[in-house]
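Notes to accompany the following structure.
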There are 2 protein chains.
Amino acid sequence: MPPRDGRATLSTVARSAGVSVTTVSKVVNGRPDVGAGTRALVESLLAQHDYIGRRSPAAEGSPATARIEVVLEGDLNAYSTKIIQGVLDAGGEAGIGVAIGTQAGADASRPRGWARDLAAAGRRAVIAVVDEPPSTDRAALSRAHLPLVVIAPLNPQRERVTSVGSTNFAGGMAAAQHLLALGHRRIGYVGGSSRSARDQARMHGYRAALEAAGVPVPDDYQRTGDSRYQDGIAGGAAQLDLPERPTAVFAGSDETAAGVIEAARARGLRVPDDLSVVGFDDTEVARLTSPPLTTVRQPLREMGGVALRTALRLAAGEKLDSHHVELATELIVRGSTAARQVGGGADPATR
Amino acid sequence: MPPRDGRATLSTVARSAGVSVTTVSKVVNGRPDVGAGTRALVESLLAQHDYIGRRSPAAEGSPATARIEVVLEGDLNAYSTKIIQGVLDAGGEAGIGVAIGTQAGADASRPRGWARDLAAAGRRAVIAVVDEPPSTDRAALSRAHLPLVVIAPLNPQRERVTSVGSTNFAGGMAAAQHLLALGHRRIGYVGGSSRSARDQARMHGYRAALEAAGVPVPDDYQRTGDSRYQDGIAGGAAQLDLPERPTAVFAGSDETAAGVIEAARARGLRVPDDLSVVGFDDTEVARLTSPPLTTVRQPLREMGGVALRTALRLAAGEKLDSHHVELATELIVRGSTAARQVGGGADPATR
DNA sequence: CTGAAAGCGCTTACAG
DNA sequence: CTGAAAGCGCTTACAG
């Protein structure tokens with residue numbers, strides 16, 4: 001009986017190639033004893049027929065078969081690690097295997113048949129921890145009937161892509177309000193790109209809090225660039241070297257905040273005595289800085305879990321209420337913020 | 001021809017159960033038309049023989065089929081992340097898919113048939129980032145013909161397990177020699193458990209360097225516990241509160257070092273002016289402390305890559321030259337170490 | 001409830 | 001380099 005689902009068998013392909021099943025089998029298994037022309041012909045027909053071979057009943061049933069593919073941008077870091085932890089946790093609970101994309105190249109250079117291979121290997125959905133999913137990837141996944149969920153994209157609303165994020169605007173507001181409540185009035189911002197709606201929301205939350213409190217926000221107190229350690233050092237340096245330097249800085253990520261702390265230390269300024277610093281994310285970094293970092297927690301693990309469950313729901317053909325969900329951020333107060341010093345902001349050399 | 005690798009087939013199980021292949025097939029597929037007693041018998045024999053069914057040539061061919069399972073202990077952290085990055089990189093180069101174990105429970109509580117399920121899902125080998133692979137896991141993997149490679153185990157030589165580590169003794173020596181060269185004579189150690197050969201090697205490397213230089217190593221300068229941030233705070237605090245506190249501390253991990261830096265900061269001591277600190281690992285943490293951390297680099301990415309290639313070699317049935325390989329550590333000098341201050345070690349309040 | 005028989009998809013030793 | 005033939009592991013319609 002031929003496979004009901006219309007999947008190609010060796011004999012389908014052999015017939016259409018006009019060769020024997022034996023020969024097709026050899027090509028599939030990469031045996032050397034096949035003529036070059038024959039091999040090329042058979043290979044093209046295998047691809048045309050989307051041949052994926054006989055399914056293994058064992059693998060079908062196995063909880064170890066990876067159902068979810070996690071796609072990353074660049075290297076793993078403290079941020080993506082927490083998200084992945086959440087995906088793994090939720091996968092473990094659901095009895096679902098999770099594979100991490102081994103990206104030989106960048107997203108731009110996915111191997112041919114990438115999405116089809118994922119489907120053939122048993123994936124049911126893809127979770128991407130990326131700023132912007134390339135449209136080529138989205139098209140390929142859609143052809144392979146693999147739903148995609150993006151975690152914390154730069155511009156969640158712009159694309160018609162299912163995504164999970166957090167309340168960036170509220171987080172930025174909470175950070176600034178915390179600093180205002182500590183008596184700070186000169187509050188700088190060092191954050192991510194202005195092309196990112198995500199980072200814009202954080203910055204505008206900060207601005208909204210300051211404006212509501214009647215506190216001015218000079219242009220040179222707002223610095224946007226990338227969100228890495230080096231950007232924190234550069235942005236922190238620029239602000240701390242101002243004639244009227246801020247007494248507090250809200251950084252758009254924990255890494256950036258670590259850079260700001262280092263910029264302060266390099267200038268002999270103490271955190272939090274001379275400078276309060278608030279980060280964003282609450283990755284492992286926030287626990288390890290000196291002092292430990294006050295930060296706006298993004299529930300990254302939870303976001304990973306929501307992404308996994310959403311992905312499974314899409315794979316099961318369910319409809320979603322909304323294609324974008326945001327989880328609440330929360331201010332975590334640690335040791336990097338303190339009440340504004342009397343006379344704070346003076347040059348430490350004059351003390 | 002029966003499978004060479006000794007895997008059970010339906011007929012193996014049928015013979016040992018004294019029933020037909022048909023009946024065994026029905027049990028495997030959960031068909032209802034099998035007597036309860038027969039089903040129970042067959043099921044127990046399937047388990048006994050570790051039956052995993054025939055391999056799917058389909059999934060065989062797909063580069064997306066996860067061939068390697070990475071097993072973790074507890075949550076992902078900066079350390080395991082770098083290793084996994086190395087595994088992913090090497091997997092990408094080899095065109096090999098990598099899955100991360102979704103451990104619902106701890107290692108102790110692997111689900112029944114764990115290793116068998118992995119084999120059925122196409123895994124060829126397992127890489128464990130764990131202190132000690134439980135013998136139950138090792139037995140299960142061996143029955144499922146899945147080779148195991150352990151990365152940086154506590155006691156690499158003790159077990160007959162293939163493992164990849166780094167030159168811990170040499171690393172400890174390099175750290176201490178660096179501090180000695182900077183003029184330090186009161187050099188403390190805050191490191192991992194004394195039950196761990198890995199941590200012992202680091203400590204003895206440190207001791208060897210000090211003894212070779214004729215520098216005494218008082219007992220209360222050597223503190224062992226766990227290797228986390230909190231242990232660094234506690235260990236750092238204990239040493240910094242000594243009547244004659246060290247002017248430099250070698251910490252057994254970057255996290256511990258971050259804790260020592262925090263203990264110093266909490267006491268108003270500046271790093272590196274009042275206290276030099278050397279870490280171990282060179283994870284992302286080392287870049288983000290203030291000041292950036294001088295540390296002994298373990299080539300964690302490379303170790304992940306070597307583990308992957310070793311695992312594939314074992315899966316292909318190759319013999320290894322050695323069941324344990326160590327990659328070289330290397331001292332990375334950053335900002336947390338400096339020449340001993342003239343008068344260094346005095347209470348800062350008296351300056 | 002059980003299993004002999006037929007048949008599928010695939011692989012391989014071997015003849016040409 | 002190619003494929004007919006034998007055979008493996010598995011499934012299923014069917015006889016008892």
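Both backbone and side-chain heavy atoms feed into the values below; hydrogens, waters and symmetry mates do not. Reminder, nothing fancy here: chain letters follow the sequence lines and each chain counts from 1. All figures in this text were calculated on a predicted structure; none of them were measured in a lab.
In this structure, A/Arg301 pairs ionically with B/Asp75, as a charged nitrogen and a carboxylate oxygen lie closer than 4.0 Å. Between B/Lys82 and B/Glu302 no salt bridge is recorded (no basic side-chain N to carboxylate O distance below 4.0 Å).
Between the side chains of B/Ser20 and B/Thr23, at least one donor N or O sits under 3.5 Å from an acceptor N or O.
As rounded to whole Å, 11 Å separates atom C1' of C/dA13 from atom CG of A/Asp33. Rounded to an integer number of Å, the gap from B/Lys26 NZ to D/dA13 P is 11 Å. For the pair B/Arg39 CZ and C/dT2 C1', the computed distance is 13 Å after rounding to whole Å. As a whole-Å value, the separation of A/Leu10 CG from C/dT12 C1' is 13 Å. To the nearest angstrom, P of C/dG3 lies 15 Å from CZ of B/Arg15. Atom CG in B/Leu46 sits about 10 Å away from atom P in D/dC10, given to the nearest Å.
Base-pair partner of C/dA13: not found among the strands shown (Watson-Crick or G-U wobble, both distances under 3.5 Å). Using Watson-Crick or G-U wobble geometry with both donor-acceptor distances under 3.5 Å, C/dA4 finds no partner in any strand shown.
At a threshold of 4.5 Å between non-hydrogen side-chain atoms, the residues B/Val306 and B/Leu308 do not count as touching.
With hydrogens and angles ignored, a donor-acceptor pair closer than 3.5 Å exists between the side chain of A/Thr22 and the base of D/dA4.
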